[in-house]
*Asks:* 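Below is the structure I would like to discuss, written out as structure tokens.
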Amino acid sequence: MAIKHRPLTSVLVKPTGPDCNLDCTYCFYLEKADLFPESRRHRMSDEVQEEMIRQVMQQSGNNVSIAWQGGEPTLMGLDFYKRAIELEKKYGFGKTIGNGLQTNGTLLDPEWAEFLKKYDWLVGISLDGPEHIHNHYRKDNAGKGTHQKVEENVRMLLDSGVAVNVLATLNDYSVQFPEETYNYFKSLGLTWMQFIPIVETDPRDPSKAASYSLSAKAYGEFLVRMFDLWMADFKNGQPTTQVRHFDSVFYPYVGLEAPECTMHKECGPYVVVEHNGNIYSCDFFVDPKWKLGNVMNNKIITMLNSKKQQVFGAAKAILPGECRRCPWLTKCYGGCTKDRIKDPQDNRKPRFCLSYKMFFSHADSRMTALATDWKRNQHDMQERERTGGTYNAFKDFIG
């Protein structure tokens, strides 16, 4: 197998490993504590932090992003991230560095907000929707709902001028309320939304998916309704909210590769750095089979371009004949590999095949029209640039 060279453009870092102050029913990462039995408490050391940042800065191009995730990354404390900024400056050599923090939001305070605003960090808040939706599965270690605290801290961040995105899981309960959820996020000022379909294997019966997992039909219905809500909020031909799935889907309509790895022909464009420096192929595949090495002994860029990572990425394209003949193949490429693995009943066929067919059948004509308008606008802007104006290819539509 020929090894394709992948540039190092981003890493996903888990500085607290699987540790979290919540106990969400559908969490797939808490169980990863079994991989690190040497300690019940998992924290990234100063040595691993510095070596990881040094490598990322030295092995990437002019632009690179670091996503700090968990578990719950704020358990590291704010000083850890202040040190990260200093290390990025030390090794960054003038590069453009984007930092993102994915958090459950419960431990944030004004000091955090000041830091996040000062250094222009993008914050992803895990919030499933209004109280009855969020608290259905997202509870703390005492079994209590967390909605009130998360909402308070979302308002605090937005009032402080911090850039905030919302990441909402779609499970068997939350998927029933697309309109309520969409309008709730808008009411908070959360106009950039990502909806993550939950599929996990039932721990009591590994032959099937867990009961809270999202069904294909329900997900398809959700996408169709959400698309209509998104389109209804267009003004002057432009979206006023961003839904990541729709933004990503739009790329192939204009001949570009989607930014979301689940919609690539192959996956594996980034690596995960665990708290102890172990490097894995993907956030959803942190297990011994897909361990690529350790940052203290190996180069990140080498592991990203290793044969094992190539094999991992190529597995996404192993699809049944039905998929290869599907007219929508180049728009979804079967979705996330994880969703096949976590649903053992048929781990070759994409779990959300029906969902995507429902969505594209509903949205294709309007997406095609939007793409036509976008291409026309790009041509007009290029003409203005050629004659002395300015041109920004992604200014108006693609986020």
Side-chain angles (χ1 to χ4, degrees), residues 6-16 44 48-74 76 78-105 108 112-126 154 157-158 160-167 190-194 196 242-245 247-248 251 256-264 267-274 279 282-283 295 300-301 303-304 392-395 397-399:
R6 294 186 185 274
L8 180 59
T9 59
S10 65
V11 293
L12 191 157
V13 186
K14 292 180 173 288
T16 62
M44 181 173 282
V48 170
Q49 182 191 32
E50 181 161 5
E51 178 61 18
M52 182 268 296
I53 291 177
R54 182 189 70 81
Q55 286 201 35
V56 169
M57 296 302 105
Q58 293 180 357
Q59 296 167 21
S60 59
N62 292 328
N63 299 278
V64 65
S65 64
I66 301 177
W68 305 90
Q69 195 169 309
E72 176 47 44
T74 58
M76 286 301 303
L78 187 52
D79 286 345
F80 174 85
Y81 297 100
K82 290 179 178 179
R83 184 172 186 266
I85 292 293
E86 295 308 312
L87 292 171
E88 290 173 359
K89 291 178 180 178
K90 178 180 179 180
Y91 296 112
F93 307 109
K95 292 185 178 185
T96 300
I97 306 161
N99 286 286
L101 181 72
Q102 176 57 37
T103 173
N104 62 42
L108 300 176
W112 271 99
E114 181 181 3
F115 168 83
L116 296 165
K117 172 61 177 175
K118 179 178 180 180
Y119 294 105
D120 196 25
W121 282 39
L122 176 63
V123 178
I125 290 285
S126 294
V154 166
L157 290 176
L158 292 173
S160 301
V162 178
V164 182
N165 297 341
V166 62
L167 278 74
L190 297 171
T191 56
W192 196 102
M193 311 170 196
Q194 181 179 354
I196 305 171
Q242 287 184 275
V243 177
R244 189 185 185 196
H245 180 78
D247 288 353
S248 295
Y251 274 70
L256 301 172
E257 184 178 63
E260 194 171 347
C261 60
T262 60
M263 296 179 185
H264 292 180
C267 51
Y270 74 97
V271 293
V272 173
V273 186
E274 253 291 348
I279 305 292
C282 171
D283 184 25
V295 73
I300 295 176
I301 189 69
M303 290 182 277
L304 176 66
N392 183 339
F394 295 100
K395 179 180 179 182
F397 195 90
I398 300 181

*Asks:* Using a 3.5 Å distance criterion without hydrogens, assess whether the side chain of Q59 forms a donor-acceptor pair with backbone atoms of L8.
*Replies:*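 No; zero donor-acceptor contacts below 3.5 Å.
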
*Asks:* For residues C267 and P269, report the shortest heavy-atom separation together with the two atoms involved.
*Replies:* C-CD, 3.5 Å

*Asks:* To the nearest 0.5 Å, how far apart are CG in L190 and CG in L158?
*Replies:* 5.5 Å

*Asks:* For A258 and S248, which heavy atoms make the closest approach, and how far apart are they?
*Replies:* CB-O, 3.4 Å

*Asks:* What pair of heavy atoms forms the shortest contact from E50 to K90, and how long is it?
*Replies:* OE2-NZ, 3.2 Å

*Asks:* Start with the C-alpha distance between T103 and I125, add both sets of side-chain angles, then the distance that settles side-chain contact (heavy atoms from CB on, under 4.5 Å), and finish with yes or no.
*Replies:* CA-CA 5 Å; T103 173; I125 290 285; 3.8 Å; yes

*Asks:* Distance from W192 atom CH2 to L122 atom CG, nearest 0.5 Å?
*Replies:*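 Result: 7.5 Å between the selected atoms.
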
*Asks:* Classify the ring geometry of Y119 against F115: parallel below 30°, tilted from 30° to 60°, perpendicular beyond 60°.
*Replies:*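 Aromatic pair Y119/F115 classed tilted.
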
*Asks:* Output a table of donor-acceptor pairs, distance under 3.5 Å, between side-chain atoms of residues 93-102 and any protein atom two or more places apart or on a different chain; print 'none' if there are none.
*Replies:*
unit_1 : atom_1 : unit_2 : atom_2 : d
K95    : NZ     : M57    : O      : 2.1
K95    : NZ     : S60    : O      : 2.7
K95    : NZ     : S60    : OG     : 3.0
K95    : NZ     : G61    : O      : 3.3
N99    : OD1    : W68    : NE1    : 3.1
N99    : ND2    : E88    : OE1    : 2.9
N99    : ND2    : E88    : OE2    : 3.4
Q102   : NE2    : G124   : O      : 3.4
Q102   : NE2    : S126   : OG     : 2.7

*Asks:* Rounded to the nearest 0.5 Å, how far does CD of Q58 lie from CD1 of I301?
*Replies:* 12.5 Å

*Asks:* Which heavy atom of V295 sits nearest to which heavy atom of E51, and what is that distance?
*Replies:*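 Where V295 meets E51 most closely, the heavy atoms are O-CG, 3.6 Å.
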
*Asks:* I'd like to check D283 versus K14 (side-chain heavy atoms, cut-off strictly below 4.5 Å). Are they in contact?
*Replies:* yes

*Asks:* Got a second to check how far T74's OG1 is from L108's CG, nearest 0.5 Å?
*Replies:*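 It comes to 6.0 Å.
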
*Asks:* Decide yes or no on salt bridge (Lys or Arg N to Asp or Glu O under 4.0 Å) for R83 and E86, but give the supporting numbers first.
*Replies:* CA-CA 5 Å; R83 184 172 186 266; E86 295 308 312; over 6 Å; no

*Asks:* Kindly compute the distance separating CD (E72) from CD (Q69), expressed to the nearest 0.5 Å.
*Replies:*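 Reported to 0.5 Å precision, the distance equals 10.0 Å.
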
*Asks:* Roughly how far apart are F80 CZ and Q49 CD, rounded to 0.5 Å?
*Replies:*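 Nearest 0.5 Å value for the CZ-CD distance: 4.0 Å.
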
*Asks:* May I have the step-by-step check of side-chain contact (heavy atoms from CB on, under 4.5 Å) for L116 and Y81, ending in yes or no?
*Replies:* CA-CA 10 Å; L116 296 165; Y81 297 100; over 6 Å; no

*Asks:* Write down the atom of H264, the atom of E260, and the distance for their closest heavy-atom approach.
*Replies:* CD2-O, 3.4 Å

*Asks:* Mind checking salt bridge (Lys or Arg N to Asp or Glu O under 4.0 Å) for K117 and listing every partner two or more places apart, or none if nothing turns up?
*Replies:* none

*Asks:* Which residues satisfy the salt bridge (Lys or Arg N to Asp or Glu O under 4.0 Å) test with R6, sequence neighbours excluded?
*Replies:* none

*Asks:* Report the C-alpha separation of V162 and W121 in whole Å, then their side-chain angles, then the decisive distance to 0.1 Å, and conclude whether the side-chain contact (heavy atoms from CB on, under 4.5 Å) test is met.
*Replies:* CA-CA 7 Å; V162 178; W121 282 39; over 6 Å; no

